[in-house]
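Reading through the structure tokens given below for one structure.
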Amino acid sequence: MKKRPNPFDPLRIKAQMQVDRAPAPETDTHTPEQLLHELRVHQVELEMQNESLRQTQLELEESRDRYVDLYDFAPIGYLSLDAVGLITDMNLTSATLLGGERRKLLRRLFSMQVAAADRKRWHQFFINMLKMDDAQICELSLKRHEGTTFPVQINCKRLSHSAEPQFRIAFFDITERKRTDDELRLAAIVFEAQEGMIVTDANAVILRVNHAFTQLTGYSPGEAVGNTPAMLHSGRQDQAFYQQLWRTLKQEHRWQGEIWNKHKNGKIFAEWLTISEVGSLDGKMVRYVGTFSDITHNKEADAEIHRLAYYDALTGLPNRRLLYDRLGQALAASKRRGHHGAVLFLDLDNFKILNDTRGHDVGDLMLVEVARRLGDAMREGDTIARLGGDEFVVLLEDLSQDEREAVIQAGLVGEKIHEITQASYLIRDIEYTGTTSIGISLFCGNEVSVDDLMKHADLAMYQAKKDGRNSLRFFDPAIQAALSEYSTLEGQLRHALERQQLQLHYQIQVNTAGQAIGAEALLRWVHPERGMTTPDQFISLAEETGLILPIGLWVLNTACAQIKAWSRHAVTRDLNLAINVSSFSFASRVLWSR
Ligand SMILES: Nc1nc2c(ncn2[C@@H]2O[C@H](COP(=O)(O)OP(=O)(O)OP(=O)(O)O)[C@@H](O)[C@H]2O)c(=O)[nH]1
């Protein structure tokens, strides 16, 4: 049915007004002119309608373009899926995220874009979506065109207005979020590591502690948070220590070291602590993160290693190594202060007899008792060491600056040692007595080396033994000189035989009638420096060193060879030859066996 013009239509009114403004034909209203006028009004109205439609069309197109633009370039991917999961529509962002061309992705199953590992999960999710009206969220990995995958969060909504199920999917890349999550998870795991951890604000107020902190200190997070680490102070470190710690932390943003802290139960423990300053990116926020571990066991182990290395296991006294250290320090201190010091070298007399007759364990108890007595008798600053066996050393420092006085002081200590070591010992209910030989060597400054000082004291002790034991001798440089000569001569005598420096001289013996009846063989050492040396200068040395035996043998062999040579001549055939045999050689089986 043809639509009749509505006289109140705004366009028609406008058209009417436009036509009315034109000069009206001077005709009757029902004339053809009138009709023509009516037609012109219609025509204008139609033109205006056309213009209005064109405008609306333009606006619509602009609006559509705007929405298409918003849709295509939204920062997240939009997809439409049909009831079987085919992609029916998608924005450009989706195609970009999936790394493909939109036209190629359309009409493909969305599941083909899901990473193989998540495909089963996607199917389950899609089946659920078919049954539900609510929007659902899931996270899975999508596959890019070139095969790589990336994690996304998917928001899926079933469109309610369509009869056939249709779905609108919005998805976005969550790689960054996942990385942050992973890092946070990692940080959380690290935070709950074996080491105690504590996070404070810039004023050292505790914000967080971990489980290990509670285990190591006994304080729960509730007790620690809001407090400061001062709650752990043991009192072993003074104010200056903590001031230095904070100074370092402020300057270097890090501090590391050992610290003694107190457990909630009162026990003091050693920890190795690292404090790091952590600032926010804008530099406004400062946190301190402290990590620590209990090193009490390490310290105990260190102490044990130190004890084994520097102390005698039987008596607990410093051993030779520690004594030498202390001697070095004592010499340096003596040089600085100008005071004398003394080394007293002690050796128990005839200790071997006790050991052999009563057993090693009784000997041990005796040594422990001697150590105890020395410890009780000496001053705090004196060092008492056991060198091994039955040898002890007492190091005295800060004796007088005057040598004579220092000698008297050291001598008095020596006497005291004599007294205390002579007092009877009750070991396993049996009473023993013992004496000690003591050698003393004084020092002032560090001209004499530690080794020489010990040698001097040892030498003096040897002298005390030689002089009948149970006595005390000071080191005498004259003795030292004699000893040096002795050892040089010993070395030379050892080589005298092989270097053919020994000679036998024959002194003819005559009877009262003046006739030769024999000869006496006299031994001579043609010393390279001393020249002809008589036995009185080297026989006792030969006896002490055992060299008397090879020398005695040589004398015997040489004398026998001489007799043999004489036997070949009528003049000498009947001569007797006398040789001097040392009592050592005389007692030797070797000699008699020859
Ligand atoms: N019980 C015990 N004896 C030890 C230990 N170390 C060494 N000895 C013994 O200590 C004795 C040391 O003896 P010496 O000093 O050589 O001889 P001595 O009998 O004391 O004679 P003089 O020193 O000349 O008076 C030896 O018998 C060693 O075997 C030890 O740790 N415990």
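Order of listing sets the numbers, starting from 1, for every ligand and every atom in it. In what follows, residues are counted from 1 in the order of the sequence shown.
Those atoms of ligand 1 with a heavy atom of G363 less than 4.0 angstrom away are 1 (N). For ligand 1, the atoms sitting less than 4.0 Å from at least one non-hydrogen atom of L367 are 2 (C), 30 (C), 32 (N), numbered in the order shown with element in parentheses. Those atoms of ligand 1 with a heavy atom of N355 less than 4.0 angstrom away are 1 (N), 2 (C), 3 (N), 4 (C), 8 (N), 9 (C), 10 (O), 27 (O).
Protein heavy atom at the shortest distance from atom 6 (N) of ligand 1 is G389 CA, 3.2 Å. Among protein heavy atoms, the minimum distance from atom 14 (P) of ligand 1 is reached at D390 OD2, 3.9 Å. Shortest contact from atom 18 (P) of ligand 1 to any protein heavy atom: F351 N, 3.5 Å. Here the heavy atom of the protein found nearest to atom 27 (O) of ligand 1 is K352 CG, 3.2 Å.
Partner of D376 under the salt bridge (Lys or Arg N to Asp or Glu O under 4.0 Å) criterion, out of R373, R379, R372: R372 alone. With Q422 as the partner, the side chain to side chain donor-acceptor pair (under 3.5 Å) test is satisfied by one option alone out of N470, T435, T433, T436: N470. Of the residues listed (F241, W260, Y242), the one engaging H233 in a ring-ring contact (aromatic ring centres under 6.0 Å, His included) is Y242, and it is the only one.
Comparing E391, R386, H360 by heavy-atom distance to atom 31 (O) of ligand 1, the nearest is R386. Looking at D361, D349, D364, it is D364 that brings a heavy atom closest to atom 1 (N) of ligand 1.
Residue F475 comes nearest to A460 through the heavy atom pair N-CB, 3.6 Å, listed as atom of the first residue, atom of the second, then distance. Taking both residues in full, the closest heavy atoms of N350 and R469 are given as OD1-NE, 3.7 Å, listed atom of the first, atom of the second, then distance. Nearest heavy atoms, L502 versus L523: CB-CD1, 4.3 Å.
For W566 and Y506, the gap between ring centers is short of 6.0 Å.
Under a 4.0 Å N-O distance rule, the pair D302/K299 does not qualify as a salt bridge.
Using a 4.0 Å threshold on non-hydrogen atoms, atom 16 (O) of ligand 1 does not count as touching the protein.
In terms of N/O distances under 3.5 Å, ligand 1 is not approached by L314. Of the N or O atoms in L348, one or more lie within a sub-3.5 Å distance of an N or O in ligand 1. For ligand 1, none of its N or O atoms has an N or O atom of D356 under 3.5 Å away.
Only the side chain of K465 comes within contact range of ligand 1, with a heavy atom under 4.0 Å; no backbone atom does. The proximity of R469 to ligand 1, defined as any non-hydrogen pair under 4.0 Å, is limited to the side chain.
Under a cutoff of 6.0 Å and an axis angle of 45°, R208 and F191 form a cation-pi pair.
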